[in-house]
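These notes are about the structure you will find just below.
For ligands, and for the atoms within them, numbers begin at 1 and follow the listed sequence. The figures that follow rest on heavy atoms only: side chains count, while hydrogens, waters and symmetry mates do not.
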Amino acid sequence: MQHDASAKDVDRVVSIINELGYEARPMPGAQRTAVGIVGNDGRVDASRIEALPGVAQVIHVTQPYKQVSREWRADNTVITIAPGVTVGGDTVVVIGGPCAVESEEQILSAARIVKAAGGTALRGGAFKPRSSPYSFQGMGKKGLELLARARDETGLPIVTEAMDSEKARMVADYADCIQIGARNMQNYSLLKTVGRMSKPVLLKRGMAATINDLLLSAEYILAEGNGNVILCERGVRSFDPAARNMLDLTAIPIVHRLSHLPIIADPSHGTGLRNKVTPMARAAVAAGADGVIVEVHPQPDRALSDGAQSLYPDQFTQLVGELRAVAAAIGREITPSRSGTA
Ligand code: PEP
Ligand code: MN
């Protein structure tokens, strides 16, 4: 719409779109309101819409992932994961915590470490997708309860994984942000399930997925009505065994150009080795990532999963300080966390 279009002009456009048999999604923006059209199969005849008062132009979305694209929405999407804690704005989030919740003592101590270091949110899986069925599978519901306890004490919002549709509701009851893991990026029934919720979703790139695949998976969630999607680059399988994965930091500026959704990086799974995590976390923020998610464990040598890539507490503290400096160099700052209630 033109920047001076009235609410009446917008309503008129919405009702014409409905008359044409489509669904209208008005999106007020900083400069002007855009009205998205969904439900069309193929190109919409724009002649009736173009001529309406207040309409500036009709843009045909050329990308297969429509609502995820920059054409659909020019302004960056800023997602609130907890009161006052946003992802995708001027600030950079630092999500820290162990790979998995292992015990009350372990997760509370990890949360205190993340909080004291100035981290923004706490990660930790209660349901773990492990390559081997004989590896530790996570604590399940008990793990979610422990995460909630850690949030009560520290105020840190919780990011934790849902592995299947049946448990997604339970995870959503505890989490501030539901993680969809790399192995589930193309689990379309799970994507639709979280798409019908309003909780923010952290969608990780599959290990053999293209950027186009990632954006199409995000589209599944938006198409169901949940626009709160944070993308995550976590490395892809490569020909080179020197690192666990190849962290594709080029994905950060590519996604920022193609989509309005925020994207963060996971240098822990992206490299698989502790001594590679700090340099790649710094590089991710320098590349414009809206945040990083980093594994840190009170005692990495005793971790039940991903110990080799988990930072020691003092390394995490040092990293947050360095990320603050990198962020400042590009005009951003680290998102502060809220205070605890306990
Ligand atoms: C994790 O975050 O611990 C995890 C299993 O990540 P990914 O799905 O990226 O492998
Ligand atoms: Mn892990």
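- Looking at Val294 and Phe316, their side chains come closer than 4.5 Å, going by heavy atoms from C-beta outward.
- Among heteroatoms of the N, O or S kind in Glu295, OE2 lies nearest the Mn ion (ligand 2).
- Residue-to-ligand polar distances place His269 within reach of ligand 1: an N/O pair is separated by less than 3.5 Å.
- Using a 4.0 Å cut-off to heavy atoms of Glu295, the atoms of ligand 1 that qualify are 3 (O).
- Short contacts between ligand 1 and Gly181, defined as distances under 4.0 Å to a heavy atom of the residue, involve ligand atoms 8 (O).
- At least one donor-acceptor pair under 3.5 Å links the side chain of Thr120 to the backbone N or O of Val94.
- For atom 9 (O) of ligand 1, the closest non-hydrogen atom of the protein is Arg234 NE, 2.7 Å.
- Proximity of Cys99 to ligand 1 is established by a heavy-atom distance of less than 4.0 Å.
- With hydrogens and angles left out, the side-chain atoms of Asp45 and Ser47 include a donor and acceptor closer than 3.5 Å.
- With a 4.5 Å cut-off on side-chain heavy atoms, Asp213 and Gln186 count as touching.
- The angle His269:NE2 - the Mn ion (ligand 2) - Cys99:SG amounts to 170°, with values rounded to 10 degrees.
- Counting only heavy atoms of the protein, atom 6 (O) of ligand 1 lies nearest to Lys204 NZ, 2.9 Å.
- Here the N, O or S atom of Asp306 that is nearest to the Mn ion (ligand 2) is OD2.
- With a 4.5 Å cut-off on side-chain heavy atoms, Cys99 and Lys128 count as touching.
- In Lys128, the part holding a heavy atom less than 4.0 Å from any atom of ligand 1 is the side chain.
- For the ligand labelled ligand 1, residue Arg205 lies outside the 4.0 Å heavy-atom shell.
- With 3.5 Å as the limit, one finds no donor-acceptor pair spanning the side chains of Asn226 and Tyr220.
- Under the 3.5 Å distance criterion, with hydrogens and angles disregarded, no donor-acceptor pair is assigned to the side chains of Arg282 and Thr278.
- Summarising the contacts of atom 2 (O) of ligand 1 with Gln309, Met163, Glu161, Arg123, the nearest heavy atom is found in Arg123.
- Of the N and O atoms on the side chains of His256 and Asn76, not one donor lies less than 3.5 Å from an acceptor on the other residue.
- Side chain to side chain, Glu295 and His269 meet the donor-acceptor criterion of an N or O pair below 3.5 Å.
- Of the protein's heavy atoms, Ala182 N, 2.7 Å lies nearest to atom 8 (O) of ligand 1.
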